[in-house]
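Order of listing sets the numbers, starting from 1, for every ligand and every atom in it. In what follows, residues are counted from 1 in the order of the sequence shown.
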Amino acid sequence: MTVDNLSQLLKEKLTSSFGKSLEEATTKEVFQSICLIMKDSIHPNWQMTQQTYDENESKQVYYFSMEFLLGRMIETNLLNMGLLDVYKETLTSLEFNPEEVFKEEHDAGLGNGGLGRLAACFLDSLASLQLPGYGMGIRYKYGLFQQKVVNGYQVELPDYWLEDEYMWETKRNDKAIEVRFGGTVETTTINGELHFQHHDYERVLAIPYDVPIVGYDNSTVNTLRLWSAESTTNHFHFHSSRGHDYYHYLDYKRSIEKISEFLYPDDSYYEGKILRLKQQYFLVSAGLQSIMQKYKKRNKPLQELSKHVVIQINDTHPSLVVPELMRILLDDERLGWDEAWAITQETVAYTNHTTLSEALEKWPEDMIETLFPRLYQIIYEINERFCKMLWFDYPELREKIPEMAILAYGQIHMAHLAMVGSFSINGVAKLHTSILKDRVMKPFHIVYPDRFNNKTNGITHRRWLLNANPGLAHIITEAIGTDWIKKPEQLVSILPYATDPAFQDLVARVKHENKQNLATYIKQHYNLTIDDEAIVDVHIKRLHGYKRQLLNLFHIIHLYNTCLENPSIKMTPRIFIFGAKAAPGYTFAKQVIKLTNAVAEKINHHPTVSKHLKVLFLENYQVTLAEKIIPAADVSEQISTASKEASGTGNMKLMMNGALTIGTQDGANVEIGEYVGNDNIFTFGITSEEVFQYQMRGDYRARDYYNDDRRLRNVMDLLVNQHFSGDDVDFKDIFYSLLYNNDEYFVLRDFDSYLSSQQRVDQCYQNQRDWLQKSIVNIGHSGAFSSDRTIREYAEEIWKIQPTTVPTHPIL
Ligand SMILES: *Cc1c(COP(=O)(O)O)cnc(C)c1O
């Protein structure tokens, strides 16, 4: 493909699709035409890939996830197709700014945070490693809300990402599935066999919209299938002439379409909303039925299902796959219980993402019974058999049966259902997996020791380095060649350059350019000028108590106090950047946003303090914004309360872009520390062991830290004397949560240790050679955190799937 070819194609596409010449076309039309041209070359490979999988009878993995946080696809698709440069050149030669054209794509924000982004990174790695993998998700009409900051407060606006057509999706009416809700189950005996008949249920049509997932430098194009709920007129009888039925129909239609209307904006939090439960079953039932339809075309016995299909569930959200697969095998396929159960257990694998009790799903029994009467019977039976097995085979666990049961005290424990019904249970970082085994899921580990395994999360280095930070990617390639792009672990080859001043200078220059880009964005959108020489310190992730944005703020307020006490203090200038959405109902989190903005207002306008410090809350943190911030970052804040962050992936993106981590010994920080060594990470704070000890003994006294540390008192008192706010607001709720609710997240406990660690950051940054060396060491070890490594481990150790080469499609 040359610039000339492509210019010609673009002109033709503008004419055929919009009836416009290049001169008349809007940026949006240019964007859409480009997507259409891309699809012309993606779709033949897509078809070829699916055909190859079918012909080879490849075993396929289906990744079920309520969230896929894709962000924009145009650039990564072009990158993976090897066409990014020629497209950019062509646009530039035609006097379009590529960046402006790419901006026409609305982020697909079908996820909250790390869990959804992980699913998206996994899709990229599956296709790039030529692995037969599908994503199964929901096509929410509204993605995660758009965040605005008004007067310092978060305001949520709907994210209507489908306003312009979504260019990558293809609607597949022919693959529609019927999903059934509610009704009653009638049990009859025919020839001595039990039959279960489902009556009076509500029918919902699940329509798949398929999105192609393009592999890097290969012909593989996998599928992300997103299901949309639609109503059907088929069985709706219009009788009366008075319009009655018509209004009734409209009500019905609205109630159906609600199912895939919006993504619940809660992250690491479970809310027992009936609509959310419907969404989960909708995904599970539509996804499973479509898998079974496809499997049957292979003409293989059901007993061999697990040789062809493996289902990975991303957290417990899709754990109704266990009873739904049982239902299909028992009722539709007429298998016996034992056979059906063996097949189900061999086919399903479960990833745990959290140990936070407020995030563990427990649905009221009666809700499940009303919505899915047949599944309820099956869950009941699974539970009976599981508890009996415990009683007879594990006498030492008898007294633990009530806490291990799937169904107990009127609630259904989805994690228990997922663990009992699957052959693999994995955590997402070493520490997290050992906490699962030794503490949170300990009795299950006794029963199923072989099911537990670890798969440390990863990120796609193609999006997060190659595409987000082309300057850095370029100097890496100049130094060590291009092998690292397909084999990210080879990034270690830059380690010898860590002490090379010439290479350090290149890294410094790229970082500086990236900071200037970010500074331009900040100037444009926030009218704030930031010093090029300042340390860029970033804390970007969902707003949550356990992620401790508050601890970061306390350090900032402490620095502010220090500057006020000693105006001539020497301090490396720093800009503290926050990006975080709070769940709309999470009052504490929203107050932390307000506090951040109030502190920013005070500091940024202070005549002397603002020379040293700037604080900025960037609104609407999402994938596209992350791609802007991360390449410019020097310091990565990963300061969760030890034991609470299962893995973290923001930490990986930042290290890959040369930021140094200041972090607790939590999640994947621990492994990052093992790779880079203690000298190349700033570790602080109490350990997960200490957190558990405090919780067991119940002897943490937050107030002691407030009383004993003058610096901390000086920070906290500013929250309640209206220093940062007008008369109408203050932050006493935050203050009280720390002192009267005893600081659940140990902010006060870690304050001193965090401050010392931040001082080390400051000192270290003053020695630029030393800093750059550490930065390069981090980049060099980041290949271990590529999702290619993670996906290889899943493929080999859990899924048992093999790469399948798709023949190259002749390019026309
Ligand atoms: C990577 C990512 C996250 C996860 O960040 P953590 O620091 O691991 O919580 C959340 N949101 C977006 C948009 C991301 O890209």
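The pair Arg276-Asp266 does not meet the salt-bridge criterion, since no charged nitrogen lies less than 4.0 angstrom from a carboxylate oxygen. At a threshold of 4.0 Å, the pair Asp124-Arg462 counts as salt-bridged, since one of the basic side-chain nitrogens sits closer than that to a carboxylate oxygen. Salt bridge status for Arg789 with Glu793: present, with a side-chain N to carboxylate O gap under 4.0 Å. Ion pairing between a basic and an acidic side chain is recognised when a charged N comes within 4.0 Å of a carboxylate O; Asp634 and Arg574 show no such pairing. A salt bridge does not link Lys581 with Glu156: every distance from a Lys NZ or Arg NE/NH1/NH2 to an Asp or Glu carboxylate oxygen is 4.0 Å or more.
In this structure, atom 11 (N) of ligand 1 lies nearest to the protein heavy atom Tyr621 CE2, 3.5 Å. For atom 7 (O) of ligand 1, the nearest non-hydrogen atom of the protein is Lys541 NZ, 2.6 Å. The protein heavy atom nearest to atom 1 (C) of ligand 1 is Lys653 NZ, 1.3 Å.
Taking only nitrogen or oxygen atoms, main chain and side chain alike, Glu645 does not reach within less than 3.5 Å of ligand 1. The shortest N or O to N or O distance between Asn112 and ligand 1 is not under 3.5 Å.
Atoms of ligand 1 lying under 4.0 Å from at least one heavy atom of Gly648, given by number and element, are 8 (O). Below 4.0 Å from some heavy atom of Trp464 lie the following atoms of ligand 1, by number and element: 15 (O). Listed by number with element, the atoms of ligand 1 under 4.0 Å from a non-hydrogen atom of Gly650 are 5 (O), 6 (P), 7 (O), 8 (O). Close approach of ligand 1 to Thr649 (heavy-atom distance below 4.0 Å) involves ligand atoms 1 (C), 4 (C), 8 (O). Shown in contact with Gly113 at under 4.0 Å from a heavy atom are these atoms of ligand 1, numbered in order with element: 10 (C), 11 (N).
Proximity annotation for atom 9 (O) of ligand 1: of Lys547, Met652, Arg542, Lys547 comes nearest, heavy atoms only.
The aromatic rings of Tyr142 and Tyr160 are tilted relative to each other, their planes meeting at an angle between 30° and 60°.
The number of heavy atoms from other shown groups lying within 6.0 Å of CZ (Phe262) is above 12.
Figure legend: Arg139 and Tyr209 shown as a cation-pi pair, the cationic atom lying under 6.0 angstrom from the six-membered ring centre and within 45 degrees of its axis.
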